[in-house]
Q: 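After the structure tokens below, expect a handful of questions from me.
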Amino acid sequence: MKKLLTALLFAPAVALAAGAAVHLDKAPDVQNDKAALQSGARTFVNYCLNCHGASFVRYNRLTELGLTEHQVKENLMFTADKIGETMRVAARPEEQKVWFGAAPPDLSLVARARASADGSGADWLYTYLRSFYVDEKRPTGWNNTLFANVGMPHVLWQLQGQQVLNNEHKLELAVPGALSPAEYDKVVGDLVGFMVWLAEPDAGFRKRVGFGVLAFLVVLFGFAYAMKKQFWKDIK
């Protein structure tokens, strides 16, 4: 019985150790850069929102990125009539299932869902969107070194260009895109930053409140310690 309990206790650790480690590139942190988040929102709406929704976030929350309601309506709101509506796709899930074989997942929380021991969800997305390569064996003509045999095509290929796997099974840019590699990495970094913001728009406020609470507790500890010394000075 003891052997069985021991085996069950260490089984998750053994399974984790047995899994191959995945190298993830570090995504840039742009959460305090509203211009970068606005750029990411523009890329998301133009390239991602055609198939993937972000139904946990409403369009009017984009004003928190420094945009006016007029700017949101004119430049980012293509799938809704009212600014209070959620960021959903125009196609219905049942239609997408017929077209693609499965409905593309909602991206509201993908930046949090992809977090693992290998890195944050942002790191995973940043690596994934830069790891597509041409594969004529796949139905879409694309494959991905991070997500093998992925069903999603490379929607940003015109910006990045066409990568191939060389003889060493490493990615190599065969056909340049509209952007240089550094410019493309910047676009992807902004896009990933926006998806991180989508996953928790109030993260900045939560962190500020957390720091404020910790500072209050430090001050309170100082008063409590001084009071403790005052109460116990006669006994000592």
Side-chain angles (χ1 to χ4, degrees), residues 24-80 83 85-91 96 104-114 120-133 140 142 144 146-147 150-163 173 175-201 203-204:
L24 299 178
D25 297 327
K26 185 66 177 177
D29 183 3
V30 298
Q31 294 308 297
N32 295 320
D33 187 345
K34 288 189 176 181
L37 293 177
Q38 292 174 14
S39 171
R42 181 174 62 249
T43 303
F44 182 87
V45 168
N46 288 324
Y47 290 94
C48 303
L49 199 57
N50 297 315
C51 299
H52 299 275
S55 58
F56 292 176
V57 178
R58 298 181 184 279
Y59 279 102
N60 56 10
R61 297 220 64 169
L62 298 180
T63 58
E64 298 173 19
L65 303 180
L67 300 169
T68 64
E69 287 194 4
H70 177 73
Q71 289 174 322
V72 173
K73 291 178 180 178
E74 291 296 318
N75 302 300
L76 300 175
M77 208 174 79
F78 305 126
T79 63
I83 197 166
E85 294 185 53
T86 56
M87 299 179 68
R88 62 181 187 274
V89 294
Q96 292 180 310
D106 188 275
L107 296 182
S108 300
L109 303 176
V110 66
R112 298 179 67 178
R114 283 294 179 179
S120 67
D123 296 340
W124 192 94
L125 289 168
Y126 184 67
T127 305
Y128 169 72
L129 291 172
R130 295 160 54 251
S131 299
F132 279 94
Y133 65 93
T140 62
W142 297 96
N144 193 285
L146 181 61
F147 193 154
V150 64
M152 172 181 160
H154 186 17
V155 296
L156 301 175
W157 73 270
Q158 291 177 311
L159 302 180
Q160 184 186 29
Q162 298 180 29
Q163 294 188 128
L173 187 62
V175 181
L179 303 178
S180 69
E183 290 171 335
Y184 179 73
D185 288 349
K186 176 66 167 60
V187 168
V188 172
D190 293 348
L191 172 59
V192 170
F194 176 70
M195 286 193 280
V196 171
W197 179 85
L198 275 181
E200 190 180 357

Q: Can you list the residues that meet the side chain to side chain contact (heavy atoms under 4.5 Å, CB included) rule with Gln31, with sequence neighbours excluded?
A: Asp29, Leu37, Val196, Trp197
Q: When you measure from the side chain of Thr79 to the backbone N and O of Val89, does any donor-acceptor pair fall under 3.5 Å?
A: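 Checked: no pair found.
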Q: Pair Val150, Phe132 - check side chain to side chain contact (heavy atoms under 4.5 Å, CB included), show working.
A: CA-CA 10 Å; Val150 64; Phe132 279 94; 4.0 Å; yes
Q: Report yes if some heavy atom in the side chain of His52 is under 4.5 Å from a heavy atom in the side chain of Val155; otherwise report no.
A: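 Contact flag for His52/Val155 side chains = no.
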Q: Looking at OG1 of Thr127 and CG of Leu24, how far apart are the two atoms once the value is rounded to the nearest 0.5 Å?
A: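 Atom-to-atom, Thr127:OG1 and Leu24:CG are 4.5 Å apart.
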Q: For residues Val30 and Ala36, report the shortest heavy-atom separation together with the two atoms involved.
A: CB-CB, 3.8 Å
Q: Just do the side chain to side chain contact (heavy atoms under 4.5 Å, CB included) check on Tyr184 and Leu156 with the steps written out, would you?
A: CA-CA 9 Å; Tyr184 179 73; Leu156 301 175; 3.6 Å; yes
Q: Looking at every heavy atom in both Leu76 and Arg42, which two are closest together, and how far apart are they?
A: CD2-CA, 3.8 Å
Q: How far apart are the closest heavy atoms of Pro153 and Thr140, and which atoms are they?
A: CB-CB, 4.0 Å
Q: Carefully, step by step, assess Leu191 and Cys48 under the rule side chain to side chain contact (heavy atoms under 4.5 Å, CB included).
A: CA-CA 10 Å; Leu191 172 59; Cys48 303; 4.2 Å; yes
Q: If I take atom NZ from residue Lys73 and atom CG from residue Leu62, how far apart are they, to the nearest 0.5 angstrom?
A: 13.0 Å
Q: The criterion is side chain to side chain contact (heavy atoms under 4.5 Å, CB included); which residues satisfy it with Asn60, sequence neighbours excluded?
A: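 Counting only residues at least two positions away or on another chain, Asn60 forms a side chain to side chain contact (heavy atoms under 4.5 Å, CB included) with Arg58, Ile83.
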Q: Indicate yes or no: at least one non-hydrogen side-chain atom of Met152 is less than 4.5 angstrom from one of Phe147.
A: no
Q: What I'd like to find out is whether the side chain of Phe78 reaches to under 4.5 Å of the side chain of Leu49, using heavy atoms alone.
A: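 A side-chain contact under 4.5 Å is absent here.
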Q: Is Asp190 reaching over with its side chain to a backbone N or O of Val187, donor-acceptor style, under 3.5 angstrom?
A: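 Checked: no pair found.
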Q: For Gly40 versus Phe194, what's the shortest heavy-atom pair and its separation?
A: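 Here Gly40 and Phe194 meet closest at C-CB, 3.7 Å.
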Q: In Å, rounded to the nearest 0.5 Å, how long is the span from NE2 of His70 to OG1 of Thr63?
A: 14.5 Å
Q: For the pair Gln158 (side chain) and Ala178 (backbone), establish whether a donor and an acceptor sit closer than 3.5 Å, ignoring hydrogens and angles.
A: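 Looks like no, no N/O pair under 3.5 Å.
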Q: Output the distance between atom CZ (Arg114) and atom CG (Leu107), rounded to the nearest 0.5 Å.
A: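 Those atoms lie 10.5 Å apart.
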Q: Quick check against the 3.5 Å criterion: does Asp123 have a side-chain atom that pairs as donor or acceptor with the backbone of Lys26?
A: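 Looks like no, no N/O pair under 3.5 Å.
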Q: What's the shortest heavy-atom distance between Leu173 and Pro181, and which atoms?
A: CD2-CG, 4.4 Å
Q: Could you measure the distance from the OH atom of Tyr59 to the CZ atom of Arg88? Nearest 0.5 Å is fine.
A: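 If we round to the nearest 0.5 Å, Tyr59:OH and Arg88:CZ are 8.0 Å apart.
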Q: Here's a test for you: under ring-ring contact (aromatic ring centres under 6.0 Å, His included), which of Tyr128, Tyr133, Tyr47, Trp142 qualifies with His154?
A: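 Testing each of Tyr128, Tyr133, Tyr47, Trp142 against His154, the sole residue satisfying ring-ring contact (aromatic ring centres under 6.0 Å, His included) is Trp142.
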Q: Search all heavy atoms of Leu146 against all heavy atoms of Ser131 and return the closest pair with its distance.
A: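 Reported closest heavy-atom pair: N-CB, 4.3 Å.
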